[in-house]
Amino acid sequence: IDDLQSTSDFGYAVLDALSARVAVVDADGTIIAINRAWHTFAKQNDLHHDQRGVGVNYFAVSRHAVASGDPHAIAVIHGLRAVLSGSQDFFYHEYPCDSPTGAEWFAVRITSLDDGQRGRAVIAHEDITEHRQAEERERLLSTITDALQESLDPETTFTRLVSFLVPTVADWCSVALVDSDGVLRRVAVVHADPEKAPLAAALMHLPLDPHSQTGLPYAIRSGRPFVDADVRIDAWRWEQSSDYVRVHRSLGISSQMNVPLVARGRVIGGIAFIVGDSGRRYTDTDLPFVEEIGRRAALAIDNARLHHELQQSEAQYRTLIEQIPGTVYLATPDDLGNLLYQSPQISEMLGYTIEEWLQYPSYWHTRLHPDDVDRLQASDAHAVATGEPFTIDYRSIKRDGDPIWIRDYGVLIRDEQGQPVHWLGITLDITEQKQAEEALKKSERRLRDIVDNIPAVTYTYVYDGDTEQATIDVSRQITAILGY
């Protein structure tokens with residue numbers, strides 16, 4: 001008998017050492033033993049004595065939940081019946097449970113008890129709240145990351161970010177960024193309650209004090225996240241405007257977390273996570289999760305801003321390029337005829353569309369004047385082989401068949417490591433210049449013919465008023481007259 005008592009005591013001691021809430025039921029579902037964790041949970045949740053422990057029928061206390069259609073209760077009761085009947089040895093199910101401290105998650109394991117007495121089972125309820133929260137947070141982080149990567153538009157990035165944070169992480173959120181001139185500017189305020197949207201809009205227009213010792217400005221200025229588990233909003237009156245305090249009080253704020261957004265080593269803004277009406281409360285254990293949200297959000301927002309700035313810069317340079325009285329082109333390092341970019345002035349210069357130039361490799365060479373093909377190809381080959389800048393004049397054929405003289409300047413652009421990136425070239429229409437040069441040559445030839453046929457010697461010298469300078473031109477008649 002002593003040995004049996006000792007074994008029983010040992011068994012109960014083992015059960016009491018477990019963190020799971022454990023009960024043993026007989027074939028009818030009546031609880032015949034519980035451990036300390038089961039008793040403590042029942043007491044903490046104010047369960048009536050006839051619902052707590054030994055002698056209570058598990059099926060009976062679950063009858064109301066089953067009758068109301070609770071899917072979790074129905075699943076657990078079916079699982080218990082299956083184990084007690086011997087149709088299965090084990091059953092597992094996860095279910096949520098509301099408690100005074102908030103929503104919790106539990107896993108129930110029902111195992112057939114092989115102790116020589118048929119129809120007994122061990123029911124163990126394990127708190128898996130932290131595990132489920134970790135899984136849900138990881139899923140949320142993954143969802144946030146995927147969503148933020150879908151757009152490079154800054155405003156879209158802000159909107160998507162807060163749409164995932166409210167109400168999952170916070171009752172409402174505020175996002176602020178640091179402008180290029182250092183001014184804090186709110187870019188988004190979203191509340192879970194649609195009826196408070198006007199208050200959120202009002203907060204958007206209230207200025208943020210960069211020197212504030214509380215809230216988001218302090219997190220941004222210090223670069224450090226912090227939790228204010230119990231917000232004392234009355235204390236804000238000493239440094240915030242009455243409108244600022246009133247709007248925050250109306251939106252609801254009892255606990256908050258403020259996280260700076262840091263990208264490339266500098267603070268670009270911050271996110272305020274705030275709870276109020278839901279009754280939730282933040283603690284220091286929540287901080288690592290929202291810090292990770294802040295890290296990913298900062299990266300996405302910074303990328304979006306960089307993309308926006310790049311687009312603006314490209315638009316400015318494109319506008320500048322398209323105002324040049326000529327054309328600008330980019331070509332691959334190994335083939336000057338293989339264009340990567342062609343400015344739209346080419347259409348006005350030659351009559352061909354940009355698409356025609358870019359669609360076919362070396363299309364430019366097919367438009368050359370036949371007499372200039374070999375010379376230009378030799379120039380291109382030399383430039384590609386040496387990487388040296390070049391300037392060359394040649395003729396091209398316009399769409400209407402007329403020739404046009406072009407002056408082509410090219411330089412090879414290299415990266416920071418000295419590797420070739422592309423050729424940058426500028427082409428100018430010098431047809432009028434060439435025509436003027438040819439007209440001048442013709443005029444000079446006509447003048448020479450007239451001078452050479454005058455029956456006298458003509459000459460030209462430079463006179464500066466004091467000293468006669470060297471003769472620079474003498475007609476051919478000098479030879480006939482003087483024999484020289």
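Heavy-atom basis, side chains included; hydrogens, waters and symmetry copies ignored.
A donor atom on one side chain and an acceptor atom on the other are found under 3.5 Å apart for Asp334 and Thr332. Between the side chains of Arg280 and Ser255, no donor N or O sits under 3.5 Å from an acceptor N or O.
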Distance-only check: which donor-acceptor pairs under 3.5 Å involve side-chain atoms of residues 138-146, not counting sequence neighbours?
unit_1: Thr143; atom_1: OG1; unit_2: Arg139; atom_2: O; d: 2.8
unit_1: Thr145; atom_1: OG1; unit_2: Leu141; atom_2: O; d: 2.8
unit_1: Thr145; atom_1: OG1; unit_2: Arg296; atom_2: NH1; d: 2.9

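The list of ring-ring contact (aromatic ring centres under 6.0 Å, His included) pairs with a residue in residues 266-286, not counting sequence neighbours, is empty. Sorted by first then second residue, the ring-ring contact (aromatic ring centres under 6.0 Å, His included) pairs that include residues 220-250, not counting sequence neighbours, are Trp172-His248, Tyr218-Phe226, Trp236-His248, Tyr244-His248.
The only option from Val169, Asp286, Thr168 that meets the side chain to side chain contact (heavy atoms under 4.5 Å, CB included) definition with Arg137 turns out to be Asp286.
Every side chain to side chain contact (heavy atoms under 4.5 Å, CB included) that Pro225 has, sequence neighbours left out, goes to Val259, Pro260, Leu287, Glu291. For His422, the ring-ring contact (aromatic ring centres under 6.0 Å, His included) test picks out no residue, with sequence neighbours left out. Applying the side chain to side chain contact (heavy atoms under 4.5 Å, CB included) test to Ile74 and every residue at least two apart in sequence or in another chain returns Val66, His78. In this structure Thr431 satisfies the side-chain hydrogen bond (donor to acceptor under 3.5 Å, both in side chains) test together with Asp429, sequence neighbours excluded. Under the side-chain hydrogen bond (donor to acceptor under 3.5 Å, both in side chains) criterion, Arg221 pairs with no residue at all, not counting sequence neighbours. In terms of the ring-ring contact (aromatic ring centres under 6.0 Å, His included) criterion, His369 has no residue partners (sequence neighbours excluded). Scanning for side-chain hydrogen bond (donor to acceptor under 3.5 Å, both in side chains) contacts around Thr285 gives Thr283, with sequence neighbours left out. In this structure, the side chain to side chain contact (heavy atoms under 4.5 Å, CB included) partners of Ala107, at least two apart in sequence or on a different chain, are Tyr92, Glu94, Arg109, Ile128. With sequence neighbours excluded, the residues forming a side chain to side chain contact (heavy atoms under 4.5 Å, CB included) with Asp408 are Tyr329, Phe390, Ile392, Tyr394, Thr427, listed by chain and number.
Across all non-hydrogen atoms, the minimal contact from Ile268 to Ala263 is CD1-CB, 4.1 Å.
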